Number of protein chains: 2
Amino acid sequence: MPLPVHPARGYARAVPKPGVDPTVQLELSVDRGSPVPLYFQLSQQLEAAIEHGRLTPGSLLGNEIELAGRLGLSRPTVRQAIQSLVDKGLLVRRRGVGTQVVHSQVKRPLELSSLYDDLESAGHRPATRVLVNTVVPVSPEIAAALGVAEGSDVHRVERLRLAHGEPMAYMTNYLPLGLLDLDTRQLEATGLYRLMRAAGITLHSARQTIGARAAGATEAERLGEERGAPLLTMQRVTFDDTGRTVEFGTHTYRPDRYSFEFQLLVRS
Amino acid sequence: MPLPVHPARGYARAVPKPGVDPTVQLELSVDRGSPVPLYFQLSQQLEAAIEHGRLTPGSLLGNEIELAGRLGLSRPTVRQAIQSLVDKGLLVRRRGVGTQVVHSQVKRPLELSSLYDDLESAGHRPATRVLVNTVVPVSPEIAAALGVAEGSDVHRVERLRLAHGEPMAYMTNYLPLGLLDLDTRQLEATGLYRLMRAAGITLHSARQTIGARAAGATEAERLGEERGAPLLTMQRVTFDDTGRTVEFGTHTYRPDRYSFEFQLLVRS
DNA sequence: TCAATCCGCATGTCCGGACAATGGGACTAT
DNA sequence: ATAGTCCCATTGTCCGGACATGCGGATTGA
């Protein structure tokens, strides 16, 4: 490049370099008449563009000011949209550089999901067999986990989860009384979490432990395994957004038919 | 105040009800001379107050406007501080009601952490024995997982992790060449993630699979187990913030000595 | 006594602007 | 060539204000 001598303090305007992706042109638009928040409309469109490859990994998003001007939005609104995608792990911001699409195939981060929903969305035709659905006095351990008084009663539900007709998980759950009524037919038609949401319970968080152990005689038989076979185990305590403990569960999985898969994000 | 009868449309000022926690008085302050962002100073103080019980679960935080005025900050700044704690699961906002501290004992959510750091912070005196530290040509599977060309070479590291002198995990890791140099002494002194961070790699996300299986003869011996004993397994692919794959690992754990424990938040 | 209605409160959304801080490239001097 | 310096682009932080929206309690009416 000949680089003509420039007068003092004069810089040549940066030319888009062939190797580097310039600002991507996208058809973005927002509907001010919609009740959907503007930042949400924008973040959804950006997410869809990433999903469909219209925004390629590594490409810059164009600076916020210009993007805001192009859409007729303010910068805070644009920033709010971008921030939500950064939180999802789809974008990375670098001060002085810009915002770019993350290369790797980011799926969804680990979320508090029900086994039933996971199987269903994976096309596994889940089925549930409710084996026990009663009310029992709590043991000291369960009382501690659920945070209820030691003499009280709780729901006890034992279910066998099948996929493609084969047993996959054996699940024992305890729930405080009065939160929701556990109808066996409903329990066989859907998952526990969906019932809780339908009952107006807003799930907030859960504490989980995943481990493994050898199958005992009875639990081996439940899952169609041999005694001593390895089992994948999960224990979970779930809280709603008021802080109440809404569920405690102990699950065992056949490891040849189920494993936990998820994506983690670094919180920085 | 004797509360004189008010004219039409006049409502008596709400008196703090004895049963409900009123707005909590806290000593909060920000230092405008500090380079630490104001919203971050505030969120840290709030988090510390929750941690130490000065903000009790269920108590209201006081409305944002008043809080901003008391601290001499603007509402957006206060909101940013509060939002970061909501994202951490420590606070819950309800429109028309206020922001309150979550009841349950929220620990930290699941983060992309190293086994070494976890053990160390739990006071388990972790030790590492590096068994293999070489460069090998990739197998097709590893090449696919790491996203490198099929003829190329990669680092291969095999380590045995001990806690209290007992074997707990056997870890095999593959890394692309050129990212960092793997010194065996350093690998025995700390964890792999810490080495990566020290080499200027910014971790972004990881894809994990947790399962279980019966131990084969050789892996049983490595962990001091019997053949056929249940093992907890984990596979992980880690990406940095530029989208590069920086590590692929296959780990096996003795389930009587290790399990995965974490907290999940519902993303709403 | 109970249901419908109204109203205030607190958060949710959005705007327009200002200055700071950082990363990288361009230029300069060695 | 190489190291150092300067400047610029872009995001980070912060402000003050405005209106919208949903929840809950108090009032009102049947």
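The model shown is predicted, which means the values in this text are computed figures rather than measured ones. Lettering follows sequence order; numbering is per chain, from 1.
The base of dT13(D) does not come close enough to the side chain of Arg93(A) for any donor and acceptor atom to sit less than 3.5 Å apart. In terms of polar N and O atoms assigned as donor or acceptor, the side chain of Arg79(B) never comes within less than 3.5 Å of the base of dT13(D) in a complementary pairing. With hydrogens and angles ignored, a donor-acceptor pair under 3.5 angstrom links the side chain of Arg95(B) to the base of dT21(D).
In the set dG24(C), dC14(C), dG16(D), the nucleotide with an atom closest to the side chain of Val97(A) is dG24(C). Side-chain proximity of Glu64(B) to dG12(C), dG16(C), dC15(D): nearest is dG12(C). Counting only heavy atoms from C-beta on, Leu73(B) has its side chain closest to dC15(D) among dG16(C), dC15(D), dT11(C).
Contact between the side-chain N/O atoms of Arg75(B) and the OP1/OP2 oxygens of dC14(C) is not found at any separation under 4.0 Å. Taking side-chain N and O atoms only, Thr77(B) has a distance below 4.0 Å to OP1 or OP2 of dC15(D). An OP1 or OP2 oxygen of dT10(D) is reached within less than 4.0 angstrom by no side-chain nitrogen or oxygen of Thr99(A).
Residue Gly72(A) is the one, among Gly72(A) and Gly96(A), whose nearest nucleotide of DNA chain C lies closer to the 5' end (criterion: closest heavy atom). Nearer to the 5' terminus of DNA chain D, by closest-nucleotide assignment, is the contact made by Tyr39(B) (compared with the other of Pro35(A) and Tyr39(B)).
The separation between Leu91(B) atom CG and dA10(C) atom P is 16 Å, rounded to whole Å. One interatomic measurement links the two molecules: CD of Gln100(A) to C1' of dT10(D), which rounds to 12 Å at whole-angstrom precision. Rounding to whole angstrom units, CG of residue Leu60(B) and C1' of dC23(D) are separated by 13 Å. Atom CG in Leu71(B) sits roughly 10 Å away from atom P in dC15(D) (whole-Å rounding). In this structure, CG of Leu38(A) is placed 17 Å from P of dG12(C), rounded to the nearest angstrom. Between Ile65(A) atom CD1 and dT13(D) atom P the separation is 15 Å, expressed in whole Å. Here the P atom of nucleotide dT11(D) and the CG atom of Leu85(A) are 14 Å apart, to the nearest Å. Spacing between atom CD of Gln80(B) and atom P of dC14(D) amounts to 7 Å, rounded to whole angstrom units.
Counting only heavy atoms from C-beta outward, the side chains of Leu203(B) and Ile201(B) approach each other to under 4.5 Å. Between Val237(A) and Thr245(A) there is a side-chain heavy-atom pair separated by less than 4.5 Å.
Residue Arg94(A) is in sugar-phosphate contact alone, with no base atom involved, counting any heavy-atom pair closer than 4.0 Å across all strands shown. Residue Pro37(B) is classed as a sugar-phosphate contact, given heavy-atom separations below 4.0 Å to backbone atoms only.
The residues Glu64(B) and Arg93(B) are annotated as salt-bridged, a charged nitrogen and a carboxylate oxygen being separated by less than 4.0 angstrom.
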List, one per line, each side-chain donor-acceptor pair under 3.5 Å for residues 177-184 of chain B, sequence neighbours excluded.
| unit_1 | atom_1 | unit_2 | atom_2 | d |
| --- | --- | --- | --- | --- |
| Asp183(B) | OD2 | Arg185(B) | N | 3.3 |
| Asp183(B) | OD2 | Gln186(B) | N | 3.2 |
| Thr184(B) | OG1 | Asn133(B) | ND2 | 2.9 |

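Residues forming a side-chain hydrogen bond (donor to acceptor under 3.5 Å, both in side chains) with Thr128(B) (at least two apart in sequence, or on another chain): Arg161(B).
Of the possible polar contacts, none joining the Ser34(B) side chain to the Asp31(B) backbone as a donor-acceptor pair under 3.5 Å is found.
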